[in-house]
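This report refers to the structure that appears directly beneath it.
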Amino acid sequence: MKRILVVGSAGQIGAELTPALRKIYGESNVVASDINSNCNPVLKQGPFEVLDALDDKHLHTIVQTHKIDTIFNLVALLSAKGEKDPQLSIKVNLGALNNILEVARQEHCAVFTPSSIGAFGPGTPADNTPQDTIQRPNTIYGVTKVAGELLCDYYFKRFGVDTRGLRFPGIISNVQLPGGGTTDYAVEIYYEAIKNKKYTCYLKEGTFLDMMYMPDAINAAIGVMEADPSKLLHRNAFNVTAMSFDPEMLSDSIKKLIPDFSMDYSIDPVKQSIADSWPNSMDDSSARNEWGWNPEYNLDKMSADMIDILSKKLLS
Ligand code: SER
């Protein structure tokens, strides 16, 4: 039986991954932790620890006390927020990962760390972006993600730490808002469509990016950690995607269900240039072949679920 610690459990992914892990592995076997004690009460239905991931001693104590064998590291400042404070981005994104890998080495834990489409840059082939290709990102977020991938590979090869990761695309969800990413428009648009029937998009028409609905992201994180290690040719990190769309396609999908929805544009140059440096669509065949990655949600299926759930949440 796994004994899991989720670090950063109050964030966009953690808020849904933690309950999903508890359902599979048992409530008492999944310890939620976050720097923010004032978080979604769902996280406190099982063991919960207030933890600043930069406090390596406290992290080590929690891992020992709860006899943890698997750590999900979900601590990160996203891309747009990172550009506002690059030093903080380095400190948080790499500091947390470094602490987690060191504790994992000493306590023999497996480690899951998300990488991102942000680990690619303007020199990367943008269409059908291969698993193994040029990674020279020009955002601090991307720099920390590439460094993180390399650090995870290093800990696996040098110390045998079972590190695994995914290059997540933009993740769309209806529980916890993302915190300052370039792909956040694809979440905001649903909230605005339901509340106000209109949305002003900060990315240009024709800006294609990979995206994924949260239930698939959760399955991907759990799936890669459950994968048979003998089948893994890659580890840090697998390209995974579920769909690629631009703002117009997303707007059209929403209009099928909210016909009077309309969208206009006011371009944010920082976010636009980040988006322009990322892939249009990734090739995720390594994930499919090595551990059976297979997403369930396409754009319209996701829109139907998002609008159904958010309408109940926002309009009742
Ligand atoms: N969603 C992230 C961002 O936009 C990409 O991994 O920063």
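Whatever order the structure lists them in is the order used to number ligands and atoms, beginning at 1. No hydrogens, no waters, no symmetry mates; every other heavy atom, side chains included, goes into these values.
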Problem set entry | Lys44, NZ atom: more than 12 neighbouring heavy atoms under 6.0 Å | yes
Problem set entry | Pocket residues of ligand 1, ordered first by chain and then by residue number (heavy-atom cut-off under 4.0 Å) | Leu78, Ser79, Ser116, Tyr141, Gly181, Thr182, Thr183, Trp278
For this session: Please determine which of Asp216, Thr241, Asp284 meets the side-chain hydrogen bond (donor to acceptor under 3.5 Å, both in side chains) test together with Trp293.
Result: Asp284
Exercise. Is there a side-chain contact between Leu233 and Ser286, using heavy atoms and a 4.5 Å cut-off?
Worked result: no
For this session: State, yes or no, whether a side-chain contact exists between Lys2 and Asp69 at a heavy-atom distance under 4.5 Å.
Result: yes
For this session: Evaluate the criterion side chain to side chain donor-acceptor pair (under 3.5 Å) for residue pair Tyr213 and Asp305; output intermediate values, then yes/no.
Result: CA-CA 10 Å; Tyr213 194 31; Asp305 204 55; 2.8 Å; yes
Exercise. Of all residues at least two apart in sequence or in a different chain, which pass the side-chain hydrogen bond (donor to acceptor under 3.5 Å, both in side chains) check with Asn38?
Worked result: none
